[in-house]
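Notes follow the structure.
FYI, the numbering just counts along the sequence from 1. Excluded from the calculations below are hydrogen atoms, water molecules and symmetry mates; all remaining heavy atoms, backbone and side chain alike, are included.
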Amino acid sequence: MQTITLHSFDGGIHPQENKHQSTQTAIAQLPLPTQLIIPISQHIGAPADVTVSVGDSVLKGQQIAKPKGFISAAIHAPTSGKVVAIEKRELPHSSGLEGICIILDTDGKDQWLEEINNGSLAINEYLEADNELLINRIRDCGITGMGGAGFPTAVKMAVQNRTIDTLIINGAECEPYITSDDMLMRERALETLRGVQILLKLTSAKSCLIGIEDNKPEAIQAMEDALHKIHREHHIAVVKIPTKYPSGGEKQLIKILTGKEVPSAGIPADIGIVCQNVGTCEAVYHAVAEGKPLISRITTITGESIEQPQNVEVLIGTPVKDLLGYAGFKQEKSLFQKLLGSKSKTESKPRIIMGGPMMGFTLSSDELPILKSSNCILAPSQKELPANDLASACIRCGLCTEACPAELLPQQLYWFSKAGELDKAEQHNIADCIECGACSYVCPSQIPLVQYYRHTKGAIKDERAAQQKSDRSKIRFEARQARLDREAAEKEAKRQARAAAAEKAQAAKKAAAAEALSKQTTESAEGVDENTSTDAPAETKNPEPVDLEKLQKQLDAAQAGLKKSMDKVAELKASASEDGVENAPIENLDVFEKAVATRRDKVKLLALQIAEAKKLAPPVKKEVSREDIEKKLRAQKDRLAKTKERVDLAKEQGLDSLPALQKGLDKQMQKLKELEEELAQFDKAGA
């Protein structure tokens with residue numbers, strides 16, 4: 001065994017291990033369940049997109065949900081069967097939230113997808129294959145971290161623009177009761193090391209350290225033997241580390257093996273390290289060498305309420321009750337008293353924990369499914385793991401600070417979390433809390449510290465998401481407002497340009513009409529008698545009036561000529577189109593088009609001349625009758641009566657419009673007086 005200088009991390013505890021109960025038998029295969037509940041979100045990142053519909057028949061290994069976005073993972077059918085529902089179900093998570101699940105009724109055939117069954121998806125010379133091909137295969141097979149976090153492995157292995165010096169394989173498994181990684185290394189060490197070789201190739205790391213706690217001698221020996229079988233590569237070393245909780249934490253294991261510390265809010269790649277779990281390595285090997293997706297995992301089923309504690313390979317989506325039934329669950333031993341709002345009311349309920357006693361969480365139902373990250377189902381008795389329902393006040397003993405492996409201040413974080421002071425909790429690096437539960441374990445007041453931290457981290461995440469949403473909304477609003485302002489400015493500029501062009505065109509039309517009228521007047525004046533004295537007063541040289549009837553006849557003739565020319569142009573174009581010759585010159589077309597333009601100008605000029613002549617022509621005096629004057633007089637009296645009513649109403653209500661109404665009334669009375677005088681003059685003239 002290669003000699004490695006080991007280091008230590010601050011804090012940590014030594015809880016009772018209770019591992020021997022589940023390592024007495026080999027890994028068993030759980031019988032095929034009748035129904036699987038497969039959540040589409042079993043990983044960190046975006047939930048996968050469902051690719052099947054209700055009623056579809058699927059085969060084992062078939063993709064039923066594809067990755068959505070960069071940080072996501074595919075989901076595959078763990079066995080063959082029929083999709084009977086796609087609906088929201090409660091997820092096995094400490095939050096108790098719901099998520100979309102694919103409900104699959106198994107058909108008992110366990111029939112593989114043909115491409116996997118015939119080996120066509122296998123990459124035989126995988127250590128010589130292109131890295132991109134390997135990463136795509138890992139992504140397509142839905143491989144995620146199997147140590148608990150569930151981070152998509154393909155994303156973690158895409159270490160472009162980073163230099164990785166060390167690959168660390170986590171086989172510490174420090175959590176009490178859990179032995180799934182221990183049994184995996186004992187029985188499948190060779191497959192695990194083949195997976196390690198693939199990860200070494202992807203990271204181009206100079207060395208690989210496999211850290212295993214010294215309480216697992218059989219696993220250490222099995223990994224050493226397997227290392228000899230692959231010619232004991234000099235850059236891969238199996239390292240025995242001291243048993244101490246939580247040495248299996250990613251940052252703590254890195255500190256033990258290398259002495260390096262991951263910076264706050266940073267990742268191991270920042271210091272040239274990538275860390276993976278031994279279970280993930282085995283899954284990578286099967287994905288690359290056999291083309292098999294991640295559809296099952298080894299799960300420890302243990303606790304005093306279990307008759308046969310053991311490790312079982314179980315399909316993803318298997319209800320927990322199937323696992324409990326297989327291992328001989330004794331429900332009467334797992335009952336514990338739960339308070340129902342008052343000390344006098346209690347309820348007895350079986351206690352099932354997913355995960356270990358330190359970092360696990362109690363399940364609300366045994367109907368919840370096994371996930372890719374479900375490494376243990378713990379069914380303790382009341383005596384074995386008493387329920388902690390009542391917490392006392394903090395006595396400020398400081399034991400939590402001594403036990404914290406992340407070197408945080410748990411007591412201060414507790415006060416900030418309890419008071420909802422999220423900013424202060426962030427300033428005290430609550431994000432660096434790995435939720436190992438060491439602080440809660442040593443707390444003499446039995447305060448559930450980790451639950452406070454989890455709630456606060458969730459609240460911070462929600463607050464940050466809300467702020468980001470608000471920022472995005474603000475950006476969209478400002479962009480929309482800028483666009484509307486820009487469009488309004490462009491519209492106003494176009495309007496002003498059109499108004500200026502129209503004004504210029506109107507001025508040009510008036511000038512042309514005045515010039516034409518002046519010319520015509522001059523031509524008419526040429527017919528005056530030449531013997532007329534040039535010394536005659538200007539008043540005697542009245543020009544001959546414009547002949548409107550003559551101008552109208554000229555306009556009619558010009559319009560008729562314009563129509564004929566336009567008809568001829570249309571006829572020539574239609575004839576050329578019927579011949580089917582494109583872009584060929586049309587004979588005499590330009591002559592007629594020129595005639596059309598000339599006659600159109602003449603029509604416009606004559607129309608302007610007629611308009612100007614009508615303006616200059618003396619007005620025709622209309623004969624006014626007594627009846628016309630009387631009619632106007634009656635209408636004026638009616639208007640005057642209505643105006644008086646409005647004035648009276650305004651006076652009565654004291655309206656501000658009274659002065660304006662009074663002014664209008666005075667004008668109408670003056671108009672009435674003028675009409676009465678006009679009628680009197682008409683009668684006088686008639687007499």
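- Residues passing the side-chain contact (heavy atoms from CB on, under 4.5 Å) test with V84, sequence neighbours excluded: Q35, I103, D105.
- For N124, the side-chain contact (heavy atoms from CB on, under 4.5 Å) partners at least two apart in sequence or on another chain are A122.
- Contacts classified as side chain to side chain donor-acceptor pair (under 3.5 Å) and involving residues 139-158 (residues at least two apart or in different chains) are given here: K156-E250.
- Applying the salt bridge (Lys or Arg N to Asp or Glu O under 4.0 Å) rule to pairs touching residues 261-278 yields R162-D270, K255-E261, sequence neighbours excluded.
- Within the structure, salt bridge (Lys or Arg N to Asp or Glu O under 4.0 Å) pairs that include any residue of residues 194-205 do not occur (at least two apart or interchain).
- Counted by atom type alone, T302 and S22 present zero donor-acceptor pairs between their side chains at under 3.5 Å.
- Looking at H14, its side chain does come within 3.5 Å of a backbone N or O of T243 through a donor-acceptor pair.
- In this structure, the separation between OG on S364 and CD1 on I352 is 11.5 Å, given to the nearest 0.5 Å.
- Inspection of the N375 and D181 side chains reveals no N or O donor paired with an N or O acceptor under 3.5 Å.
- Residues G195 and V284 share a closest heavy-atom pair of O-CG1, 4.4 Å.
- Under the rule for a side-chain contact (heavy atoms from CB on, under 4.5 Å), D462 has no partner lying at least two apart in sequence or in another chain.
- Between the Y177 side chain and the Q21 main chain, no donor and acceptor come within less than 3.5 Å of each other.
- Side-chain atoms of V312 and T299, non-hydrogen and from C-beta on, never get closer than 4.5 Å to each other.
- Nearest heavy atom pair, residue F70 against residue V155, reads O-CG2, 3.3 Å.
- Between the D56 side chain and the S53 main chain, a donor and an acceptor come within less than 3.5 Å of each other.
- Checking side-chain atoms of K216 against main-chain N and O of A172 turns up a donor-acceptor pair under 3.5 Å.
- In this structure, the side chains of I178 and L378 stay at 4.5 Å or more apart for every pair of heavy atoms.
- No side-chain heavy atom of I71 sits under 4.5 Å from any side-chain heavy atom of H43.
- Listed by chain and number, the residues in a salt bridge (Lys or Arg N to Asp or Glu O under 4.0 Å) with K60 are D110 (sequence neighbours excluded).
- A search for side-chain contact (heavy atoms from CB on, under 4.5 Å) contacts involving S296 returns E313, L315, not counting sequence neighbours.
- Using a 30° and 60° split on the angle between ring planes, Y126 and Y285 fall in the perpendicular class, above 60°.
- Using a 4.0 Å cut-off between charged side-chain N and carboxylate O, E435 and R454 make a salt bridge.
- Side-chain N or O atoms of Q42 include one that pairs as donor or acceptor with a backbone N or O of P39 at under 3.5 Å.
- The stretch residues 272-291 participates, sequence neighbours left out, in these salt bridge (Lys or Arg N to Asp or Glu O under 4.0 Å) pairs: R188-E282, E290-K292.
- Two residues are said to be in side-chain contact when any heavy atoms from C-beta on lie closer than 4.5 Å; K457 and K461 fail this criterion.
- Here the side chains of V238 and I220 are in contact, with some heavy-atom distance below 4.5 Å.
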Test log, rule side-chain contact (heavy atoms from CB on, under 4.5 Å), inputs I64 and V50: CA-CA 6 Å; I64 56 178; V50 177; over 6 Å; no

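- Between the side chain of Q310 and the backbone N or O of I27 there is no donor-acceptor pair closer than 3.5 Å.
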Please lay out, stage by stage, how C436 and Y245 fare under the test side-chain contact (heavy atoms from CB on, under 4.5 Å). CA-CA 8 Å; C436 65; Y245 181 84; 3.6 Å; yes

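- Shortest non-hydrogen contact noted between K251 and D432 is NZ-OD1, 3.7 Å.
- Minimum heavy-atom separation, C439 to V450: SG-CG2, 4.2 Å.
- With a 6.0 Å radius and a threshold of 12 heavy atoms from other residues, nucleotides or ligands, Q24 has its CD atom above the threshold.
- For H428, the ring-ring contact (aromatic ring centres under 6.0 Å, His included) test picks out F416, with sequence neighbours left out.
- Taking Y452 as the reference, Y414 meet the ring-ring contact (aromatic ring centres under 6.0 Å, His included) condition, with sequence neighbours excluded.
- Side chains of Q427 and D423: a donor-acceptor N/O pair is absent below 3.5 angstrom, by distance only.
- Applying the salt bridge (Lys or Arg N to Asp or Glu O under 4.0 Å) rule to K321 yields the partners E367; only residues at least two apart in sequence or on another chain are considered.
- For the atom pair SG (C433) and CG (L413), the distance works out to 7.5 Å, reported to the nearest 0.5 Å.
- A distance of 9.5 Å separates CG of L257 from OG1 of T166, quoted to the nearest 0.5 Å.
- Interatomic distance, CD of Q252 versus CD1 of I241, reported as 10.5 Å (0.5 Å rounding).
- Using a 4.5 Å heavy-atom cutoff, the side chains of M358 and P176 are in contact.
- Under 3.5 Å, the side chains of T179 and N311 contain a donor-acceptor pair of N or O atoms.
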Residues L253, N170; criterion side-chain contact (heavy atoms from CB on, under 4.5 Å); working and verdict: CA-CA 8 Å; L253 184 60; N170 191 343; 3.5 Å; yes

Residue pair H455, S417: steps toward the side-chain contact (heavy atoms from CB on, under 4.5 Å) verdict: CA-CA 8 Å; H455 178 271; S417 299; over 6 Å; no

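- In this structure, the side chains of L294 and C141 stay at 4.5 Å or more apart for every pair of heavy atoms.
- More than 12 heavy atoms of other residues, nucleotides or ligands lie within 6.0 Å of NZ in K260, so this atom counts as buried by the packing criterion.
- Using a 4.5 Å heavy-atom cutoff, the side chains of P268 and I254 are in contact.
- When all heavy atoms of I116 and P293 are compared, the closest pair comes out as CD1-CD, 3.7 Å.
- A donor-acceptor pair is defined here as one N or O able to donate and one able to accept, closer than 3.5 Å; such a pair exists between the side chain of R297 and the backbone of K372.
- Within the model, atoms CG of L127 and CG of L200 stand 9.5 Å from one another, a figure rounded to the nearest 0.5 Å.
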